[in-house]
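Below is one structure, written out as structure tokens, with a few remarks after it.
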4 protein chains.
Amino acid sequence: MANSKYEYVRLFEQPDQLLPNTWIVVRIDGRGFTKLCAKYGFEKPNDKRAIDLMNAAAKAVMTDLPDIILAYGVSDEYSFVFHKTCQLFERRASKLVSTVVSTFTAFYVHLWPTFFTGGLVDDVPLIAPLLPTFDGRAVCYPSVQNLRDYLNWRQVDCHINNLYNTTFWALVQKGGLDSVEATELLKVRRSGLGTPHHYQQLTMFEQGTFSADKNEILFSRFQINYNNEPEMYKKGSVVFRDYELVNPVNSTAAQAAEAADSVTEPPTLSKSRAENDKKRRAKARITIEHIDIIKDDFWDRRPWLLTGQPGTLPKQL
Amino acid sequence: MANSKYEYVRLFEQPDQLLPNTWIVVRIDGRGFTKLCAKYGFEKPNDKRAIDLMNAAAKAVMTDLPDIILAYGVSDEYSFVFHKTCQLFERRASKLVSTVVSTFTAFYVHLWPTFFTGGLVDDVPLIAPLLPTFDGRAVCYPSVQNLRDYLNWRQVDCHINNLYNTTFWALVQKGGLDSVEATELLKVRRSGLGTPHHYQQLTMFEQGTFSADKNEILFSRFQINYNNEPEMYKKGSVVFRDYELVNPVNSTAAQAAEAADSVTEPPTLSKSRAENDKKRRAKARITIEHIDIIKDDFWDRRPWLLTGQPGTLPKQL
Amino acid sequence: MANSKYEYVRLFEQPDQLLPNTWIVVRIDGRGFTKLCAKYGFEKPNDKRAIDLMNAAAKAVMTDLPDIILAYGVSDEYSFVFHKTCQLFERRASKLVSTVVSTFTAFYVHLWPTFFTGGLVDDVPLIAPLLPTFDGRAVCYPSVQNLRDYLNWRQVDCHINNLYNTTFWALVQKGGLDSVEATELLKVRRSGLGTPHHYQQLTMFEQGTFSADKNEILFSRFQINYNNEPEMYKKGSVVFRDYELVNPVNSTAAQAAEAADSVTEPPTLSKSRAENDKKRRAKARITIEHIDIIKDDFWDRRPWLLTGQPGTLPKQL
Amino acid sequence: MANSKYEYVRLFEQPDQLLPNTWIVVRIDGRGFTKLCAKYGFEKPNDKRAIDLMNAAAKAVMTDLPDIILAYGVSDEYSFVFHKTCQLFERRASKLVSTVVSTFTAFYVHLWPTFFTGGLVDDVPLIAPLLPTFDGRAVCYPSVQNLRDYLNWRQVDCHINNLYNTTFWALVQKGGLDSVEATELLKVRRSGLGTPHHYQQLTMFEQGTFSADKNEILFSRFQINYNNEPEMYKKGSVVFRDYELVNPVNSTAAQAAEAADSVTEPPTLSKSRAENDKKRRAKARITIEHIDIIKDDFWDRRPWLLTGQPGTLPKQL
């Protein structure tokens with residue numbers, strides 16, 4: 001009785017279920033990482049410890065939430081893809097977003113010492129109140145093509161930013177330019193759109209047309225062949241469950257996409273199977289690779305990503 | 001150019017701005033805390049370290065986000081109230097929720113050792129993968145009355161749960177009953193609604209009508225006078241900025257509510273003032289108290305909570 | 001059985017309930033009325049038949065939906081205000097909007113001959129396929145002040161547009177200018193924001209600062225005193241239930257607003273009373289007036305509009 | 001200036017754009033048609049005039065809004081399907097729903113005399129205030145399969161209801177039962193789910209398992225072979241643009257669906273083509289047929305419905 005007179009306030013909670021049968025992407029972004037990078041002395045243009053930590057946190061999120069089929073990370077952002085048949089938390093946006101963000105943050109903070117202390121040079125412990133935090137949002141993509149275009153967008157963005165940053169920091173660290181001069185030099189060569197959220201001016205968004213210029217600067221001034229830069233920085237990080245690769249002759253991304261798009265099963269009925277698949281997915285090893293996900297090959301050889309049906313576990317040696 | 005052919009995917013991001021001129025409450029809840037409590041040996045019915053840690057994390061969130069006017073916590077949940085004129089993140093629900101959840105989680109994990117190690121008995125370090133995480137949601141309340149009823153709902157819930165849990169654990173820890181017997185004994189005395197998210201069976205929701213029974217059990221069997229239990233457990237924790245209390249004769253909650261409800265200023269115009277107030281709020285000390293927020297007195301004496309205009313800073317000694 | 005395998009498609013219907021305890025305004029606008037006005041020979045700047053027809057349709061909507069407390073119309077648009085406690089159609093936006101739009105359209109088409117035929121000069125029958133249609137949307141306003149500001153916005157817009165149109169058409173119809181010349185003449189005197197939806201260029205949105213110029217043009221060139229123009233064109237049309245006016249000494253808009261804003265009753269509990277009030281409202285006469293609703297006086301004397309509690313029925317003569 | 005101080009109220013208008021790249025169905029339903037049928041003497045179980053009027057109104061809506069690719073009507077409801085690439089009104093839900101509902105209502109009222117007067121027996125003019133009105137809602141379906149399942153759901157519903165109604169009214173009109181007796185007789189044979197919106201008790205929702213019973217009642221008691229009933233009543237009405245049928249050997253629904261689902265073009269870029277297609281669609285004749293749309297054949301022979309690309313106009317004789 002006592003509580004009932006106030007309980008009407010629950011009526012103000014508005015539903016936020018995401019449209020069924022659509023791919024859900026939860027993307028998280030570091031909050032104020034420019035300041036954080038400066039405070040904790042992240043290396044430029046890329047800090048391996050920081051990226052390894054991002055990847056470790058992402059892997060922990062995927063282990064905790066087997067409904068995630070793939071994650072893609074670059075810089076201080078990570079995108080988590082839930083299969084379109086996913087029913088986790090009844091597909092409530094705020095539940096999905098907050099759970100991913102909280103789990104990612106918990107592991108990022110918890111694992112920080114693993115990556116940022118015990119190094120040859122310096123320990124870099126986290127000191128409050130400047131702690132790493134993330135924000136997030138959920139977006140629905142109705143078709144496989146839309147989903148892949150989203151991931152393509154992020155991977156192209158990774159390339160553009162990394163080429164720019166690599167060149168910028170070579171000019172500053174090895175070329176003796178200050179950051180204003182380096183920015184100025186590169187400005188004439190790019191079309192100048194800025195991304196809203198990224199490490200400082202380093203990660204200015206930039207159109208690929210002018211890639212040639214940067215490759216040339218890197219090579220002629222600093223004898224850096226961009227192609228030889230680490231794949232982790234050039235391609236970003238792809239996290240997924242590892243099953244036996246499939247011969248692409250017998251499986252094409254188009255087929256998997258088609259199969260995925262034409263799933264007729266009503267979402268509600270698939271609950272028990274989803275539960276079962278979830279368990280089978282839990283057994284697979286989660287791997288982190290730095291490879292091209294724009295070309296079909298990645299998807300052709302890993303049909304389980306889009307079908308949502310667990311693949312064949314690799315044989316034990 | 002390169003990126004533009006994929007960039008159309010941004011069109012799938014749907015806006016989620018919360019209705020202007022409404023009070024925003026972001027409530028976060030511990031995920032799977034039953035398991036977490038067991039694993040880390042939380043004391044029953046209340047673990048002071050855990051609640052102090054919740055409060056420290058909440059205080060850090062309020063320091064980080066000066067738009068929050070008040071927070072109320074109980075058990076593994078915390079509600080953060082943003083003033084209705086708040087324009088933070090353009091009032092985007094996912095930004096607000098994810099930022100609060102991430103910041104809370106970061107501090108909870110980071111501060112864990114402060115509260116759970118170095119004790120007289122045992123150190124209890126966090127061990128992955130079972131880390132504390134939280135989910136969250138945002139709800140809008142149009143009027144001061146609705147907002148206060150929301151907070152009343154939480155504080156009444158705190159009382160009901162704590163009385164139940166105190167009795168339950170007295171029966172188990174001191175009365176020699178096992179948990180089934182204790183549940184059975186208390187079941188006949190309550191109407192049996194369960195809350196979805198709480199510590200184990202301890203925090204079963206329970207109707208106040210039967211409070212008398214529990215008070216009696218506590219007193220007659222265990223000589224415990226519930227009134228003497230710590231306020232922190234009975235009332236929960238209220239976090240807010242501390243200014244000089246106002247003489248309630250000159251300020252009533254009704255007036256403040258009225259003032260708050262009749263704010264005519266368009267949200268967009270108030271941006272600069274909001275910015276200014278934000279800075280002034282940053283100077284105030286954030287306090288944590290365990291007091292009644294249902295009665296008018298709490299609000300009458302702290303008109304700044306509802307007007308959103310910073311109060312008078314206490315004189316320095 | 002047969003149907004169940006398809007019935008899962010109902011899961012795709014997403015809820016669209018409007019936030020409780022907020023004033024709901026459903027505004028409808030004529031679609032393509034420029035073309036419609038031309039085709040059916042509407043008089044400029046105002047066609048009395050057309051406005052009377054709008055008003056008749058609005059009155060029919062209010063009779064059909066007693067939850068509407070007030071409607072305000074100007075040109076080819078009408079705003080219908082539902083009380084913030086309204087539970088009609090569980091506050092589902094699409095139900096509310098589509099019902100208002102459909103009812104308005106049905107009466108507009110059905111009553112057309114009443115207003116557009118049988119005149120002294122010509123019958124103007126509706127001829128398919130160019131029929132009058134309307135679109136609509138629902139907006140929530142949390143406070144009385146927001147609601148009144150919305151209505152103020154529409155009534156100020158009415159004034160600005162009507163002054164402009166009256167001047168424009170005087171220049172064209174009596175001053176011998178063509179429409180380009182008249183537009184040009186008035187352009188230098190206004191700041192040039194256009195409203196998206198209105199009768200032709202006549203209803204260009206225009207800032208009040210330059211009202212003086214137009215008043216002067218009207219008076220000096222055409223001996224028209226704008227103040228003497230019909231109230232229906234200058235003020236628009238206000239539709240509401242008519243009870244005995246209240247002495248403003250004993251009732252102020254501020255009080256009514258406060259009373260309205262501090263209604264504590266949970267929406268769910270008020271259902272039976274709402275049902276009862278609905279019946280009582282059905283007995284009141286619906287009146288159409290062309291008066292100022294910006295000043296407090298209108299609201300002070302009609303407290304029932306904001307309290308939502310039916311007033312005193314006028315005594316029968 | 002004058003208006004700007006109120007114009008902030010526009011900020012309360014919340015966006016309601018529907019997710020891109022999904023099929024939009026706007027379904028409208030008659031409001032209170034039980035009462036309307038009684039008042040205007042609709043024939044039972046089906047009134048040909050009423051259904052012809054529904055179809056005429058639907059055809060007018062499709063002519064007015066070329067973005068609609070197909071409409072399906074039964075009883076007092078009609079579903080309008082917008083292609084998933086549709087950008088009409090920026091896909092705003094309230095604009096789409098209100099425009100469809102208003103246009104449908106305008107034609108329904110305007111065309112009423114064409115169908116309900118001038119008959120052999122009686123003129124049935126519309127008399128206010130009981131006018132026909134409709135409500136509506138928009139639902140998104142991500143895949144072709146989801147869309148077709150939606151339409152299947154409606155056509156199966158049509159069959160179930162019509163068989164029930166035909167039997168019910170035969171029992172009443174020819175069998176001498178009253179409506180209670182007829183309901184009782186049929187009740188034991190059906191599983192009893194009711195649809196929320198339909199003509200009286202006649203259109204009770206009913207599971208297909210028991211179709212045999214009704215067929216038998218109709219045949220044994222009244223010598224009615226249900227198969228010989230008019231297709232319009234058994235199948236409902238399908239409205240679409242008529243192009244040359246395609247040989248199903250060369251075009252399968254699966255292919256069209258696949259083509260439709262894998263459209264990669266970003267919605268924004270397709271605007272000019274959409275504009276062009278719109279014009280071409282405007283030239284096609286709109287036809288109304290009463291055929292099976294559950295089987296693939298309907299879709300195989302009319303690939304333009306799903307591809308959204310206008311077919312070949314039939315040769316002129």
Side-chain angles (χ1 to χ4, degrees), chain A residues 1-10 12-14 16 28 31 60 63-64 89 92-95 97-111 126 128-129 131-142 146 149-150 152-154 156-157 159-160 191 205 207-209 211, chain B residues 1-10 12-14 16 28 31 60 63-64 89 92-95 97-111 126 128-129 131-142 146 149-150 152-154 156-157 159-160 191 205 207-209 211:
Chain A
M1 299 303 130
N3 220 359
S4 67
K5 94 184 215 207
Y6 300 127
E7 218 164 354
Y8 80 91
V9 296
R10 304 196 76 166
F12 291 78
E13 297 181 16
Q14 299 199 284
D16 65 344
I28 67 167
R31 291 180 61 229
T63 305
D64 194 48
F89 306 139
R92 280 178 288 155
S94 56
K95 267 284 222 182
V97 170
S98 60
T99 298
V100 167
V101 162
S102 181
T103 306
F104 192 92
T105 304
F107 280 93
Y108 193 100
V109 171
H110 181 73
L111 296 174
L126 278 180
L131 300 185
T133 58
F134 299 83
D135 59 35
R137 72 213 49 75
V139 186
C140 291
Y141 293 103
N146 295 147
D149 284 347
Y150 170 81
N152 294 348
W153 175 51
R154 300 323 302 141
V156 169
D157 211 28
H159 167 73
I160 291 171
S191 70
F205 184 51
Q207 305 300 47
T209 326
S211 296
Chain B
M1 300 302 133
N3 218 359
S4 66
K5 96 185 213 205
Y6 300 128
E7 220 164 353
Y8 79 92
V9 297
R10 302 195 78 166
F12 291 78
E13 296 180 15
Q14 299 200 282
D16 65 344
I28 67 168
R31 291 179 59 229
T63 305
D64 193 49
F89 306 138
R92 279 178 288 155
S94 56
K95 268 284 222 183
V97 170
S98 59
T99 297
V100 167
V101 161
S102 181
T103 306
F104 193 91
T105 306
F107 279 92
Y108 193 100
V109 172
H110 180 73
L111 297 174
L126 279 181
L131 300 184
T133 58
F134 299 83
D135 57 36
R137 70 211 53 74
V139 185
C140 291
Y141 293 102
N146 296 147
D149 284 346
Y150 169 81
N152 294 347
W153 176 48
R154 300 323 303 141
V156 169
D157 212 27
H159 166 72
I160 291 171
S191 69
F205 184 52
Q207 304 302 48
T209 327
S211 295

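Heavy-atom basis, side chains included; hydrogens, waters and symmetry copies ignored. Each chain gets a letter, A, B and so on, in the order its sequence line appears, and its residues count up from 1.
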Against chain A, label B:A60 side chain, backbone, both or neither, depending on which of its atoms sit under 4.5 Å from a heavy atom there.
neither

Of the listed residues (B:H110, B:R137, B:E13), which shares the most heavy-atom pairs with chain A below a 4.5 Å separation?
B:H110

Hey, are the side chains of B:R10 and A:W153 touching, using non-hydrogen atoms and a 4.5 Å cut-off?
yes

Does A:D64 come within less than 4.0 Å of B:R31, counting only side-chain N to carboxylate O?
yes

Tell me the closest heavy-atom pair linking B:S98 and A:V101, and the distance in Å.
O-CG1, 3.6 Å

Name the member of B:I28, B:D16, B:V109 that forms the most heavy-atom pairs with chain A at distances under 4.5 Å.
B:V109

For a side chain to side chain donor-acceptor pair (under 3.5 Å) check, start with the C-alpha distance between B:N146 and A:Y8, then their side-chain angles and the critical distance, and finish with the verdict.
CA-CA 9 Å; B:N146 296 147; A:Y8 80 91; 3.1 Å; yes

I want to check something: taking the side chain as every heavy atom from C-beta on, are B:F89 and A:D135 in contact at a cut-off of under 4.5 Å?
no

Under a 4.5 Å cut-off applied to non-hydrogen side-chain atoms, are B:D149 and A:K5 in contact?
no

Work out which heavy atom in B:P129 is nearest to a heavy atom in A:F107; give both atom names and the distance.
O-CZ, 3.4 Å

Contact part of B:Q14 toward chain A, heavy-atom cut-off under 4.5 Å: side chain, backbone, both or neither?
neither

Is a side-chain donor or acceptor of B:Y141 paired with a backbone partner of A:V9 at a separation under 3.5 angstrom?
yes

Is it true that a side-chain atom of B:S102 and a backbone atom of A:F134 form a donor plus acceptor pair closer than 3.5 Å?
yes

Of B:A138, B:P132, B:A93, B:S94, the largest count of non-hydrogen pairs under 4.5 angstrom with chain A goes to B:S94

Toward chain A, the part of B:A106 with a non-hydrogen atom under 4.5 Å
both

Please flag which part of B:L131 lies under 4.5 Å from any non-hydrogen atom of chain A: side chain, backbone, both or neither.
side chain

